Amino acid sequence: MELQSIEKSFAGIHALRGIDLGIRAGTIHGLIGENGAGKSTLGRIIAGATTPDLGRILIDGKQVTLSGPRDALRHGVGLVAQELNVIPRMSVIDNVFLGNELARGGRLRLRSMRRRYAELQERYGFAVPADTVVGSLRLVEQQKVEILRTLARDAEIIIMDEPTAALPQNDASTLFDIVRSLRQRGKTIIYVSHFLNEVLAMADFVTVLKDGHLIDTSPAAGETPRTLVRKMLGQEMDLAFPAKTSPVGSHPVLQVEGLSRAPAFQDVSFSVLPGEIVGLAGLVGSGRTELGRAIYGADRFTSGSVRFNGEALKVSSPKDAIKLGIGLVPESRKDQGLMLSMDIMDNMTMPHLGSYTRAGLINEPGRKAATSRVAQRLKIMRPVSGLPVRLLSGGNQQKVLLGRWMMRNAKLLIIDEPTRGVDVGAKQAIYVFLNELAQQGMAILLISSEMEEILGLCNRAVVMREGRVSRQLMAGNLTEDSVRRAAFGMQEDGE
Ligand SMILES: Nc1ncnc2c1ncn2[C@@H]1O[C@H](COP(=O)(O)OP(=O)(O)OP(=O)(O)O)[C@@H](O)[C@H]1O
Ligand SMILES: [Mg+2]
């Protein structure tokens, strides 16, 4: 495929400028850049989901017009989007053949659909049980369904937009195997990711975008994370963690005792001091997200107690929790956190509109000024009002959720995988920001699967394993090895 002089603007935003890019058949082509650099937009153009304002697309040397995703598939191009596109209520096989002539009724069709599904499974070496309802599958399985769907339509070029952003480590390696095996079978993969090591390990070529410009395309073998970051940011940058600060008080903001909600978590006890960042580490599925939700009042716990600022916490919904000054930034920002059609200001201020209201009137200028201040601190360079957050890049959406609790002056912030799908620069901004919140006395419970984050940011860590606290690690013995051992339930040396 060849892209020539591709241009794309959205009301006021020049998302892509003069993009010239050749993608060789049978390669994995990495596409990287900061949040908002234009990666997803380019992916959507290649997949026919967006039309460029200017420029040409050539496949096998012939110019094509891709008027929609179906048309792109007819030309052999399929997209596995940043937000999955499966229909949760339907079965795997129905999802795979969705929109495919095979799927149109009749027993005969059904049989040929099954035959075709078996063939796919055979040829590509992975599959998902055909009759399972997609909504009940784990994310990586749902992703497989999307990939199979493009393969069912004989896609030769498959664009994957941040396919591992929401996947636990093990599942991510399953996906890498699939991507590599697709290449082996001659497919071309365009791979968008913020995990530079991932891109370097898999890709044959890497293209760097910055502010809508194509900075460079080069063989991955000649690059390192450092050289890529330099191209992405236009400057050197090491991911550095801000210096850790100490708790600012000795009375816990949060005290959890014997908390249980079977089967998700059982008999969990720990506490968080004001100004302290406590990491909740452990493998995905170890009960961390559920624990956070229960403290926040989103789910009930069945036994045990939670104290907040020394008093028994009685919350029956997040609304109560918010009123008390407890915030939660969820793992899945689209389903649980953001109001997608509303703008940054509404998203940041909605849960605590009361603070901008006097005698029943909202102080609009005050609300806007406060939002702008926070947006600036978080380096969200987009208008705070009028632009639906749906149109923000993934990283900026995450910052909006963080900004919400910064404005609220929450006393306790529970934050679940805060840097998934976030670029290096934004990651750094988020770390500095969490650190500042802690310095101001906020108690932070950080759920993270990234070892770096647990080690670099937290004062202490509570490591969960299969719903129970496996170990609590104080600053002195908070090491990669000890976290890992606790997460896998291995004995410490000498214990
Ligand atoms: N439909 C749209 N309307 C308005 N602006 C848009 C639209 N789609 C994208 N944009 C803007 O275009 C720019 C590029 O966005 P894009 O989603 O391509 O970035 P990205 O590189 O994928 O970022 P991320 O890493 O955060 O996913 C951003 O500033 C984004 O806000
Ligand atoms: Mg994107």
Side-chain angles (χ1 to χ4, degrees), residues 3 6-19 21 29-53 55 68-69 79-85 143 159-167 190-196 198-199 206-216 228-229 231-234 332-334 337-338 340-345 347 375 378-403 417-430:
L3 304 177
I6 299 285
E7 296 278 333
K8 181 72 189 180
S9 293
F10 301 103
I13 293 192
H14 208 151
L16 292 173
R17 308 165 192 249
I19 302 292
L21 175 60
H29 197 115
L31 190 56
I32 63 169
E34 289 182 276
N35 293 128
K39 306 178 294 294
S40 296
T41 305
L42 189 60
R44 280 198 293 270
I45 286 175
I46 295 173
T50 302
T51 29
D53 301 335
L79 174 69
V80 177
Q82 200 162 2
E83 306 299 328
L84 287 185
N85 225 343
Q143 235 164 17
I159 302 137
M160 297 191 185
D161 196 348
E162 294 195 50
T164 57
L167 292 185
I190 298 169
Y191 192 90
V192 180
S193 176
H194 286 290
F195 295 110
L196 302 181
E198 198 168 273
V199 171
V206 191
T207 291
V208 181
L209 294 183
K210 177 172 167 48
D211 301 330
H213 293 280
L214 191 150
I215 300 296
D216 191 27
L228 292 181
V229 167
K231 290 179 194 173
M232 276 167 60
L233 305 183
S332 161
R333 47 189 177 253
K334 289 240 157 126
L338 289 171
L340 291 174
S341 57
M342 297 191 178
D343 60 19
I344 296 179
M345 177 160 76
N347 269 284
L378 285 168
K379 305 203 176 77
I380 305 175
M381 322 285 209
R382 305 304 310 276
V384 297
S385 67
L387 179 74
V389 296
R390 167 170 47 83
L391 301 181
L392 294 180
S393 72
N396 275 335
Q397 290 181 347
Q398 181 70 336
K399 292 188 196 170
V400 169
L401 279 173
L402 276 170
E417 305 287 5
T419 60
R420 283 290 160 94
V422 157
D423 71 56
V424 233
K427 247 186 187 173
Q428 181 85 37
I430 288 173

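Counting convention: from 1, in listed order, for ligands and their atoms alike. The structure displayed is predicted, hence computed values, not measured ones. Because only heavy atoms are used, hydrogens play no part in the values below, and waters and symmetry mates are left out as well, while side chains stay in.
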With a 4.0 Å cut-off on heavy atoms, is Gln397 touching ligand 1?
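No heavy atom of Gln397 comes that close to ligand 1.
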Could you see which bit of Arg44 sits under 4.0 Å from ligand 1, with heavy atoms only: side chain, backbone, both or neither?
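Under 4.0 Å from ligand 1, Arg44 contributes side-chain atoms alone.
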Please answer whether the main-chain N or O of Arg17 pairs with a side-chain N or O of Glu7 as donor and acceptor at a distance below 3.5 Å.
no
Per-atom contacts of ligand 1 with Ala37, taking only distances under 4.0 Å to non-hydrogen atoms
19 (O), 21 (O)
Work out whether the distance between some heavy atom of Gly33 and some atom of ligand 1 is less than 4.0 Å.
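Checking ligand 1 against Gly33, which is what was asked, there is no heavy-atom contact under 4.0 Å.
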Counting heavy atoms only, which part of Glu34 comes closer than 4.0 Å to ligand 1: side chain, backbone, both or neither?
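Glu34 to ligand 1: backbone contact only, side chain stays beyond 4.0 Å.
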I'd like to know: is the Mg ion (ligand 2) within the 2.8 Å range of an N/O/S atom from Ser40, strictly under that distance?
yes
Quick note on ligand 1: atoms under 4.0 Å from a heavy atom of Ala15 include exactly 12 (O)
Going through the checks in order, is the side-chain contact (heavy atoms from CB on, under 4.5 Å) test met by Val192 and Leu42?
CA-CA 10 Å; Val192 180; Leu42 189 60; over 6 Å; no
For the side-chain contact (heavy atoms from CB on, under 4.5 Å) test, which of Ile13, Ile344, Leu392 pairs with Leu387?
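Passing option: Leu392.
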Donor-acceptor pair, Gln397 side chain versus Val389 backbone, under 3.5 Å?
yes
Would you mind running through ligand 1 and noting each atom that sits below 4.0 Å from a heavy atom of His194?
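Answer for ligand 1: 25 (O).
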Could you check whether any side-chain N or O of Lys210 sits under 3.5 Å from a backbone N or O of Ala37, counting only pairs where one atom can act as donor and the other as acceptor?
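It does not hold such a pair.
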Only heavy atoms of Glu162, strictly under 4.0 Å: list the atoms of ligand 1 that pass.
25 (O), 27 (O)
Short N or O distance, Leu387 and ligand 1, threshold 3.5 Å exclusive:
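Not met; the criterion fails.
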Between Asn396 and ligand 1, does any nitrogen or oxygen pair lie at a separation below 3.5 Å?
no
Would you say Glu34's side chain and Leu233's backbone share a donor-acceptor pair under 3.5 angstrom?
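The answer is no, because no donor-acceptor pair under 3.5 Å joins these two groups.
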When you measure from the side chain of Lys399 to the backbone N and O of Ile380, does any donor-acceptor pair fall under 3.5 Å?
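Not a single qualifying donor-acceptor pair exists.
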side-chain hydrogen bond (donor to acceptor under 3.5 Å, both in side chains) with Thr164: of Gln143, His194, Glu198, only one passes, and it is Glu198
